[in-house]
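Here is the structure we will look at, set down as structure tokens.
Per chain, numbering begins at 1; letters A, B, ... match sequence-line order. Just so it is clear, the values below take in all heavy atoms, side chains as well, and ignore hydrogens, waters and symmetry mates.
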Protein chains: 2
Amino acid sequence: MTAGGSEPPRLLIRGLSQIATPAGTAAPLRGAALGEVDVVEDGFILCEGGRITAVGAMSELPALRGEVEELEGTGLSAIPGLVDCHTHACFAGDRVEEFALRAAGASYEELHAAGGGILSTVRATRAAGESGLADALALHRAWMVRSGTTTFEAKSGYGLDRETELAQLRVIREAGGVPTFLGAHAVPPEFSEAGAVAYLEFLIAEVLPEAADLAEAADVFLERGAFDRDEARRYLVACRKAGLELRLHGDQFTESGAVPLALELGARSIDHLESTRSAGIAALAASDVTAVLLPLSALFLGRPMPPARALADSGAVLALATDFNPGSSFSESLPLVCSLACTQLRLAPDEALVACTTNAAHVLGRADRKGRIAPGFDADIVLLGAEDWRYLAYHLGGPVVHTVVQGGEIALAGSA
Amino acid sequence: MTAGGSEPPRLLIRGLSQIATPAGTAAPLRGAALGEVDVVEDGFILCEGGRITAVGAMSELPALRGEVEELEGTGLSAIPGLVDCHTHACFAGDRVEEFALRAAGASYEELHAAGGGILSTVRATRAAGESGLADALALHRAWMVRSGTTTFEAKSGYGLDRETELAQLRVIREAGGVPTFLGAHAVPPEFSEAGAVAYLEFLIAEVLPEAADLAEAADVFLERGAFDRDEARRYLVACRKAGLELRLHGDQFTESGAVPLALELGARSIDHLESTRSAGIAALAASDVTAVLLPLSALFLGRPMPPARALADSGAVLALATDFNPGSSFSESLPLVCSLACTQLRLAPDEALVACTTNAAHVLGRADRKGRIAPGFDADIVLLGAEDWRYLAYHLGGPVVHTVVQGGEIALAGSA
């Protein structure tokens with residue numbers, strides 16, 4: 001069957017204590033279905049040609065002829081490869097100095113106003129050049145794999161000029177990521193006099209045409225001090241016309257009309273929502289826009305958590321992501337996101353798993369191939385170093401990720 | 001110089017981007033000194049016979065004759081081996097089921113009342129036997145080393161009978177830990193009718209005489225539903241008479257008189273303090289009792305954080321620890337504690353470092369040998385996989401620990 005060449009060989013993972021996967025095959029899961037995880041005990045997973053071809057109990061394992069690579073799963077459990085649907089992982093430099101200042105009392109907005117914040121990463125990213133950026137993303141990507149992330153989205157938005165925005169999108173694509181065009185992340189210094197609208201005109205005229213060929217979606221930072229609702233609409237409408245799916249950073253610090261705009265434009269997602277109140281929750285629950293929650297960012301900034309339980313109970317579509325970036329969430333760890341989901345967001349482990357697998361894949365338009373351990377899905381699998389898969393959330397900050405399989409091949413070998 | 005046999009060879013760590021260590025040689029550091037960290041750039045550390053013999057800038061590195069093992073530190077930074085002064089790491093089983101129930105809405109006290117909580121770990125620990133317990137602690141110890149912990153305290157308190165309490169203390173000693181006798185952790189089922197006082201009489205008469213030879217300190221869980229102030233006093237006074245240092249779990253859920261009792265008895269520390277108010281803070285500030293803060297436990301239980309900033313500003317002696325245990329803090333990660341210190345407790349990275357190195361060593365009576373990178377101190381060193389040592393706190397949930405040196409030997413090799 002595995003005729004050879006560059007084709008990955010068949011891989012059999014056997015003797016797994018548990019295999020946990022979102023129930024059924026539909027996506028997204030919402031309402032009562034958000035917490036539906038199927039668990040097979042003492043199970044096997046068979047992968048072939050980069051896909052999963054069979055999953056079941058060891059007692060049902062068929063006889064396999066021909067060459068099969070075997071991975072012993074005794075003492076381990078399996079979950080789908082994690083899907084990080086909101087990162088800013090393509091950046092150069094760091095913001096450790098700003099982190100230390102904030103710990104000593106300065107606020108995020110104060111640091112931003114003082115020329116720190118996003119613009120300090122813009123300077124470092126512009127200076128890195130495309131190969132420097134590729135090196136930085138490769139390092140960040142390696143961290144993500146160690147944390148069990150096999151599919152990641154990453155945004156531009158640290159270039160804010162034509163050359164660097166496009167370089168970011170190319171670098172993300174080449175690293176296997178899902179690129180999102182976030183030109184409207186902040187107004188760069190070159191446009192500080194001309195203003196936000198002039199900058200958006202520039203983006204739409206000069207960057208979007210090429211960005212639309214590289215990216216899958218567009219995103220905007222709708223927030224006091226960034227872009228307002230009218231500006232966001234103008235940018236997003238142009239991006240939609242250019243063929244991009246739409247996403248929004250909304251309600252992070254203030255409730256600024258992002259939810260109504262997301263619904264008006266039929267966006268795929270609205271992300272953050274730390275400040276969203278009951279009307280926004282009800283509106284999202286009645287829509288197909290996914291609420292992407294980023295608890296690491298709330299923790300990192302010492303801010304209130306988003307209203308996850310209310311969103312879940314009202315039936316909104318929920319996803320969880322890291323928001324990995326150097327300023328407000330220097331963390332690539334979806335296991336830690338799951339721990340925060342269970343301890344801070346009042347979500348059950350099953351709900352957390354669904355939210356960072358199939359529902360996150362849904363945000364990226366990949367729920368037919370990613371985020372489940374089931375025949376026909378990509379062979380992206382995380383083996384946890386514990387018999388109970390819920391250690392993913394339970395073992396806070398611990399070495400839970402043991403082995404990572406990506407496209408049927410071992411991307412990280414037995415490390416826990 | 002390194003004549004051989006079992007003597008560790010000389011070890012030179014060279015080219016380190018930064019070496020960060022609590023300033024001076026006095027312990028504990030408090031008040032303004034809490035944030036005093038000395039940093040050497042482009043430095044070396046020389047270890048000999050298990051101790052640090054020289055630290056300085058590479059430009060001052062003397063010529064070394066004879067056999068020297070070299071470790072290249074380029075791109076890395078060094079901090080003292082971390083000291084975890086409050087853990088319950090000697091336990092069998094887990095409480096993942098309870099974790100999932102709590103995520104779904106049950107409170108810690110409800111789970112405890114329902115026969116979950118501490119007593120479920122007591123059942124598993126009694127059943128494990130001494131060799132089973134040793135195996136469990138070995139696993140937990142390996143996790144701790146991966147997180148950079150080179151000195152750890154661990155408590156009994158999951159036996160609550162003579163045999164298992166003493167077995168816990170032996171297992172902790174044999175694993176190189178600092179044992180604390182926590183017989184007064186909960187009232188075991190055998191004494192549920194006779195009551196708390198009868199149980200304490202039993203502990204004092206039947207367990208303490210031998211426990212006092214195995215442990216260095218005694219500890220008590222002073223809390224509504226556990227032991228009250230008079231019961232705690234009776235137990236602690238007997239333990240002090242038997243030669244043990246004193247510690248208390250206090251003010252975790254309710255302010256129950258633990259601070260005045262700690263001061264009255266001259267305890268080494270009072271640990272938790274999530275519920276301590278201004279009078280307690282002022283009393284601690286005027287004392288030599290160390291306030292041991294456990295932010296992972298507050299996070300894990302979704303409870304308020306302890307008043308760290310007020311304690312620090314008032315001049316109290318602060319230490320940070322994990323509280324690693326299966327029920328209320330299933331985490332062995334002091335790097336994560338440092339991240340929470342900077343994002344939730346409003347401590348600067350320098351204050352966090354001092355609090356989990358020299359100040360934690362002070363709680364364990366080892367500040368003359370542990371918690372600093374300076375000549376004469378034990379060669380316990382953590383190399384971080386970043387040029388700036390503050391990644392320890394900044395890289396939230398990331399693979400910050402690269403290499404761990406313990407007693408001059410490599411306990412964990414280049415992993416980040």
Is it the side chain or the backbone of A:T343 that comes within 4.5 Å of chain B heavy atoms, both, or neither? both
Segment of A:P335 engaging chain B (4.5 angstrom heavy-atom cut-off): neither
Near-ring test A:F91/A:F324, centroid separation under 6.0 angstrom: yes
So which residue, B:S333, B:A100, B:A104, B:G105, ends up with the most heavy-atom pairs under 4.5 Å with chain A? B:A100
Part of B:S331 within contact of chain A (heavy atom distance under 4.5 Å): both
Heavy-atom pairs under 4.5 Å with chain A are the metric here; pick the option from B:D94, B:L340, B:D388, B:L336 that has the most. B:D94
Counting only non-hydrogen atoms closer than 4.5 Å, does A:A341 touch chain B with its backbone (N, CA, C, O), its side chain (CB onward), both, or neither? neither
Does the pair B:E97/A:R390 count as a salt bridge with the N-to-O cut at 4.0 Å? yes
Using 30° and 60° as the class limits, which term best fits the ring planes of A:F99 and A:F300: parallel, tilted or perpendicular? tilted
For A:R30, is the CZ atom crowded, meaning more than 12 foreign heavy atoms sit under 6.0 Å from it? yes
Go through the side-chain N and O atoms of B:D84 and B:T149 and say whether any donor and acceptor fall under 3.5 Å apart. no
Using non-hydrogen atoms and a 4.5 Å limit, figure out which bit of B:D350 sits close to chain A: side chain, backbone, both or neither. neither
Interface residue of largest heavy-atom contact number with chain A, from B:A348, B:C342, B:G398, B:A352, under 4.5 Å: B:C342
Pairing of B:R309 and B:E351 as salt bridge, 4.0 angstrom limit: yes
